[in-house]
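Read through the structure below, which is laid out as structure tokens, and then see the notes.
The first residue of the sequence shown is numbered 1, and numbering continues consecutively from there. Atoms within a ligand are numbered from 1 in the order they appear, just like the ligands themselves.
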Amino acid sequence: MHRYTVGIGVGVLAIVCFWVGWGKTQEKRDGQDRLNGFMQLKLDHAKGILEGLSNEDFNAISQNAQGLATLSLESSWNAYTTPEYLALSTDFRRAVRMMTEAASEKNLDRAALAYVNTTVQCIECHRYMRHAKR
Ligand code: HEC
């Protein structure tokens with residue numbers, strides 16, 4: 001009888017541990033999904049800018065550049081807080097600002113250059129993250 005009770009106790013404990021552990025993993029995964037969803041928006045704006053450049057639609061360029069600028073100021077952006085990451089973020093914002101200016105000047109060449117510059121910043125920051133620790 002005593003052994004039986006211990007058996008049930010261990011069984012219940014195992015189920016609770018499994019449950020709590022699973023919950024934690026889910027929480028972590030949800031957080032990562034949310035972050036990736038947020039980050040994914042950058043790609044939508046980048047595509048919107050390319051479309052705007054191709055159609056000489058300065059309004060689209062401006063709106064999507066503004067979208068990128070806004071994202072870069074949200075707290076989710078700062079997934080890393082190293083000085084390098086902050087410097088890369090500053091370079092990114094500068095490139096985006098150049099794009100906004102170019103769009104308001106209706107200067108297609110400058111906007112295209114700013115787009116290339118922005119894209120380089122996307123690649124550079126992602127390259128940094130592949131090698132960095134948070
Ligand atoms: C200053 C740093 C930085 C810059 C610049 C940057 N990103 Fe990111 N990006 C991140 C971080 C941080 C993540 C999240 C990585 C992770 O999962 O830990 C991310 C993730 C992403 C993801 C999601 C990947 C996935 O797994 O779903 C996409 C898409 C993306 N970025 C696109 C872009 C595009 C497009 C640009 C340029 C317009 C850009 N990023 C510029 C830091 C940056």
Nearest 0.5 Å, what's the CD-CZ distance between E74 and F38?
-> 5.0 Å
Using a 4.0 Å heavy-atom cut-off, say whether E124 meets ligand 1 through its side chain, its backbone, both or neither.
->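 It is neither; nothing of E124 touches ligand 1.
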Ligand 1-proximal atoms of Y80, by part, heavy-atom distance under 4.0 Å |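 The part of Y80 near ligand 1 is the side chain, not the backbone.
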Main-chain N/O of N59 paired with S62 side-chain donor or acceptor, under 3.5 Å = no
Options [options], ranked by nearest heavy atom to [atom], top entry:
{"atom": "atom 26 (O) of ligand 1", "options": "D91, N36, T118", "answer": "N36"}
{"atom": "atom 10 (C) of ligand 1", "options": "M129, E84, R127", "answer": "M129"}
{"atom": "atom 30 (C) of ligand 1", "options": "Q40, Q121, H126", "answer": "H126"}
{"atom": "atom 4 (C) of ligand 1", "options": "S89, C125, G37", "answer": "C125"}

Is Q32 near ligand 1, meaning one of its heavy atoms is under 4.0 Å from it?
->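 True for this residue.
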In the single-linkage hydrophobic clustering (I, L, V, M, F, W, Y; side-chain heavy atoms under 4.5 Å), do V120 and M98 co-cluster?
-> no
Numbered in order shown, the ligand 1 atoms found under 4.0 Å of a heavy atom of A79 are 12 (C)
Donor-acceptor contacts, no H, no angles, side chain residues 83-92, under 3.5 Å, sequence neighbours left out:
{"from": "Y85", "atom 1": "OH", "to": "W77", "atom 2": "O", "distance (Å)": "2.5"}
{"from": "S89", "atom 1": "OG", "to": "W77", "atom 2": "NE1", "distance (Å)": "3.0"}
{"from": "S89", "atom 1": "OG", "to": "Y85", "atom 2": "O", "distance (Å)": "2.9"}
{"from": "T90", "atom 1": "OG1", "to": "L86", "atom 2": "O", "distance (Å)": "2.9"}
{"from": "D91", "atom 1": "OD1", "to": "R94", "atom 2": "NH1", "distance (Å)": "3.4"}

Among pairs that include at least one residue of residues 46-67, which meet salt bridge (charged side-chain N to carboxylate O under 4.0 Å, His left out), considering only residues two or more places apart or in two chains?
-> none
What heavy-atom pair brings G48 and A60 nearest, and what distance separates the two atoms?
-> O-CB, 4.5 Å
